[in-house]
Amino acid sequence: ATISSSTAFLHFRPPPLACRLVPAAPRSLAQGVDHDVASSPAMDRYQIYESIGSSTHSIVYKARERKTIRFVAVRSTDKSQRQKVVHEVRTMARMQHENVARFFAWFETTNHLWTVTEYCAGGNLRELLQQDAPFGMQPESTVGSFGVDLLAGMQHLHARGVLLVSFDPQKILIDEYGILKLADFAQTRGMPAQGDAWPADATGVTPSDARVASYTAPELLLSRADGGGPHSAASDFWAFGALIPSMLHSYPHVMLLCTA
């Protein structure tokens, strides 16, 4: 049965953008951004505001489609990350669900790859848990509502043959109605064909930091030779289960207990 969100909010869903990108970008990620803005007529369609997030190779801006009050998130990524961006775009473009951040468009300029996605005014789950941590545990009703949202999003991915792999709370967004959205598809991969125990590239995951590893099933952190297991729907459910105590205790990082 399909899982639907139990959040008692009115779900306003504006029509998809028929867009290409567009900023008048701040000078914060790379000098090439300003050149891209000046040289791409498509960038005139959006007004770029402040930066709302960044990583080593990318920066995310809050933006507005000109002549409307429709806000979006615009990410500028260095072209050295083309393979990663293409993978994410191909995955996002297949999804259409209230608990998965919507993808609108992507394009290329001289120095960067740009993606336009849903803007979530509530920030991310990690920030929410950090803010609430000094005030004790989250109500079970809140954790239950969050859990339903995440399971619904995961079910949508699984129905399309995609494994999420990791539930990093920093990459789970919250919209203005309090609905959680899966928004990180960098580690996603296709489900193995029926009967295949291991995908061809099963050599063990190497998360960039302990935070990501904390929400990744243990068998995925090891190669097959070291006793690891395959990516599967079960490993996604393990990652989801690891997130539940973090949400309950408002602590956005769990520690894996390892034995020799």
Side-chain angles (χ1 to χ4, degrees), residues 1-14 52-53 55 60 62 71-73 91-92 95-103 117-160 162-188 207 209-218 233-257:
T2 300
I3 300 174
S4 60
S5 174
S6 61
T7 309
F9 292 108
L10 176 63
H11 295 179
F12 172 71
R13 293 291 177 265
I52 56 175
S55 63
V60 182
K62 177 181 178 181
F71 291 88
V72 294
T91 302
M92 289 188 294
M95 306 302 156
Q96 189 173 3
H97 191 275
E98 67 178 1
N99 298 118
V100 178
R102 287 173 295 164
F103 167 76
T117 58
E118 179 177 4
Y119 171 67
C120 293
N124 65 63
L125 181 59
R126 184 168 185 260
E127 293 172 341
L128 182 147
L129 296 178
Q130 288 177 326
Q131 292 165 1
D132 288 355
F135 303 97
M137 296 174 62
Q138 294 283 350
E140 290 186 8
S141 59
T142 299
V143 176
S145 178
F146 286 175
V148 168
D149 283 351
L150 295 175
L151 282 175
M154 185 175 68
Q155 182 192 47
H156 184 71
L157 267 67
H158 287 182
R160 282 153 181 76
V162 176
L163 297 172
L164 186 61
V165 179
S166 177
F167 276 92
D168 180 358
Q170 188 171 353
K171 304 299 178 64
I172 296 171
L173 304 182
I174 307 171
D175 73 6
E176 61 269 38
Y177 303 107
I179 298 175
L180 269 59
K181 312 269 185 175
L182 300 177
D184 179 24
F185 303 98
Q187 296 190 66
T188 57
D209 56 45
R211 185 193 74 244
V212 177
S214 295
Y215 302 101
T216 303
S235 61
D236 270 7
F237 278 105
W238 192 100
F240 168 76
L243 184 58
I244 296 298
S246 294
M247 293 193 294
L248 184 63
H249 294 279
S250 294
Y251 187 62
H253 180 76
V254 297
M255 296 300 295
L256 294 174
L257 299 178

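These figures come from a predicted structure and were not determined experimentally.
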Applying side-chain contact (heavy atoms from CB on, under 4.5 Å), run through F237 and L151 and close with a yes or a no.
CA-CA 9 Å; F237 278 105; L151 282 175; 3.8 Å; yes
Could you give me the CA-CA distance, side-chain angles and deciding distance for V162 and F185, then say whether side-chain contact (heavy atoms from CB on, under 4.5 Å) is met?
CA-CA 10 Å; V162 176; F185 303 98; 5.8 Å; no
Steps toward side-chain contact (heavy atoms from CB on, under 4.5 Å) verdict (L125, M247)
CA-CA 9 Å; L125 181 59; M247 293 193 294; 4.0 Å; yes
Determine, stepwise, if the pair Q138 / L129 fulfils side-chain contact (heavy atoms from CB on, under 4.5 Å).
CA-CA 9 Å; Q138 294 283 350; L129 296 178; 4.2 Å; yes
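For H249, there are no side chain to side chain donor-acceptor pair (under 3.5 Å) partners two or more places apart in sequence or in a different chain.
Here CG of L182 is found 6.0 Å from CD1 of I172. Values are rounded to the nearest 0.5 Å. With rounding to the nearest 0.5 Å, the separation of CD1 in I174 from CG in L128 is 4.5 Å. From R102, atom CZ reaches atom CE of M92 across 13.0 Å, with rounding to the nearest 0.5 Å. A distance of 7.5 Å separates OG1 in T188 from CE in M95, rounded to the nearest 0.5 Å. Residue Q130 holds its CD atom at 7.5 Å from CD of E127, rounded to the nearest 0.5 Å. Here the CG-OG1 distance, from D132 to T142, works out to 9.0 Å after rounding to the nearest 0.5 Å.
The two residues F240 and F167 have their closest heavy-atom pair at N-CD1, 3.4 Å. In plain terms, the two heavy atoms of P245 and G241 that are nearest each other are CD-O, 3.1 Å. Here the closest heavy-atom approach between residue G178 and residue D149 is recorded as O-OD2, 4.2 Å. E118 and A101 get closest at one heavy-atom pair: OE1-CA, 3.5 Å. When all heavy atoms of G136 and S250 are compared, the closest pair comes out as O-OG, 3.5 Å. Here the shortest heavy-atom pairing between L163 and A233 reads CD2-N, 3.6 Å.
At a threshold of 4.5 Å between non-hydrogen side-chain atoms, the residues L243 and S246 count as touching.
The closest donor-acceptor contact from the side chain of N99 to the backbone of L180 lies under 3.5 Å. In this structure, the side chain of D236 engages the main chain of L164 through a donor-acceptor pair within 3.5 Å. With hydrogens and angles disregarded, a donor-acceptor distance shorter than 3.5 Å links the side chain of K181 to the backbone of E98.
Taking the six-membered ring for Trp and thresholds of 30 and 60 degrees, F71 and Y119 have ring planes inclined between 30 and 60 degrees apart.
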